[in-house]
Amino acid sequence: MTDYISRHALDGNIFIPKMFQGFPEIKEALISNRMQAAFIVAPLAIALRSQGVPIKIVYLGHRYGSAVVVQKDGPVRSVKDLKGKVVAIPTRFSDERLIV
């Protein structure tokens, strides 16, 4: 995507993608202004904002269509039934954690 944007930018801007190995490196790059934009999960953006990192969400997307799954014949029939239950989430930085 960044290659396409760079080739077709009317003002001649070039976008350079960079892969990070972890969230602390992304945070430091944003704080030090070595990076001006990032695709990151919403919970990380919220955590960074709460820590005083001056960021703004300009795009919010959801592509993978995750769902809450319960036992077919179990006691959970509605979201209210999840109160007090243990719910598995993919990672601590997932959108599911934010929603739960």
Side-chain angles (χ1 to χ4, degrees):
M1 178 182 279
T2 55
D3 178 61
Y4 177 86
I5 293 169
S6 294
R7 285 188 281 122
H8 294 88
L10 298 176
D11 58 5
N13 282 327
I14 296 174
F15 295 86
I16 302 169
K18 180 174 174 147
M19 186 174 88
F20 289 84
Q21 297 300 317
F23 296 120
E25 291 85 3
I26 293 172
K27 176 183 176 180
E28 291 305 316
L30 286 167
I31 290 171
S32 66
N33 201 32
R34 291 185 321 235
M35 177 174 61
Q36 291 73 45
F39 283 102
I40 59 176
V41 295
L44 177 60
I46 292 168
L48 292 175
R49 182 74 181 210
S50 71
Q51 294 171 15
V53 178
I55 62 170
K56 176 173 71 171
I57 297 173
V58 294
Y59 169 78
L60 184 60
H62 189 282
R63 305 179 349 175
Y64 53 87
S66 61
V68 175
V69 178
V70 298
Q71 186 179 7
K72 183 177 180 179
D73 297 322
V76 177
R77 296 281 177 222
S78 71
V79 173
K80 283 174 54 174
D81 296 334
L82 291 172
K83 185 175 182 179
K85 303 291 191 271
V86 175
V87 178
I89 56 172
T91 70
R92 68 181 186 151
F93 295 111
S94 67
D95 293 337
E96 292 83 1
R97 181 173 186 256
L98 176 65
I99 292 167
V100 170

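Throughout, numbering of the chain's residues begins at 1 and tracks the sequence.
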### Summary
The single option from Leu82, Val87, Val69 that satisfies side-chain contact (heavy atoms from CB on, under 4.5 Å) with Val76 is Leu82

### Query
Partners of Ile46 by side-chain contact (heavy atoms from CB on, under 4.5 Å), sequence neighbours excluded?
Leu98

### Message
Tell me every residue that passes side-chain contact (heavy atoms from CB on, under 4.5 Å) with Ser78, counting only those two or more places apart in sequence or in another chain.
### Response
Lys80, Asp81

### Task
Answer yes or no: does atom NZ of Lys83 have more than 12 heavy-atom neighbours from other residues, nucleotides or ligands under 6.0 Å?
no

### Query
Does Phe20 have any ring pair (Phe, Tyr, Trp, His ring centres under 6.0 Å) partners at least two apart in sequence or in another chain, and if so, which?
none

Ignoring hydrogens and angles, write down the donor-acceptor pairs under 3.5 Å from the side chains of residues 36-45, residues two or more places apart or on other chains.
unit_1: Gln36; atom_1: NE2; unit_2: Asn33; atom_2: O; d: 2.7
unit_1: Gln36; atom_1: NE2; unit_2: Asn33; atom_2: OD1; d: 3.4

### Query
Where do Arg34 and Glu28 come nearest, in terms of heavy atoms and distance?
NH2-C, 4.0 Å

#### Entry: Gln21: partners by side chain to side chain donor-acceptor pair (under 3.5 Å), with sequence neighbours left out
none

## Note on the structure
Taken to the nearest 0.5 Å, the spacing of Glu25 CD from Leu30 CG works out to 12.0 Å

### Summary
residues 70-90 vs ring pair (Phe, Tyr, Trp, His ring centres under 6.0 Å), sequence neighbours excluded, gives none

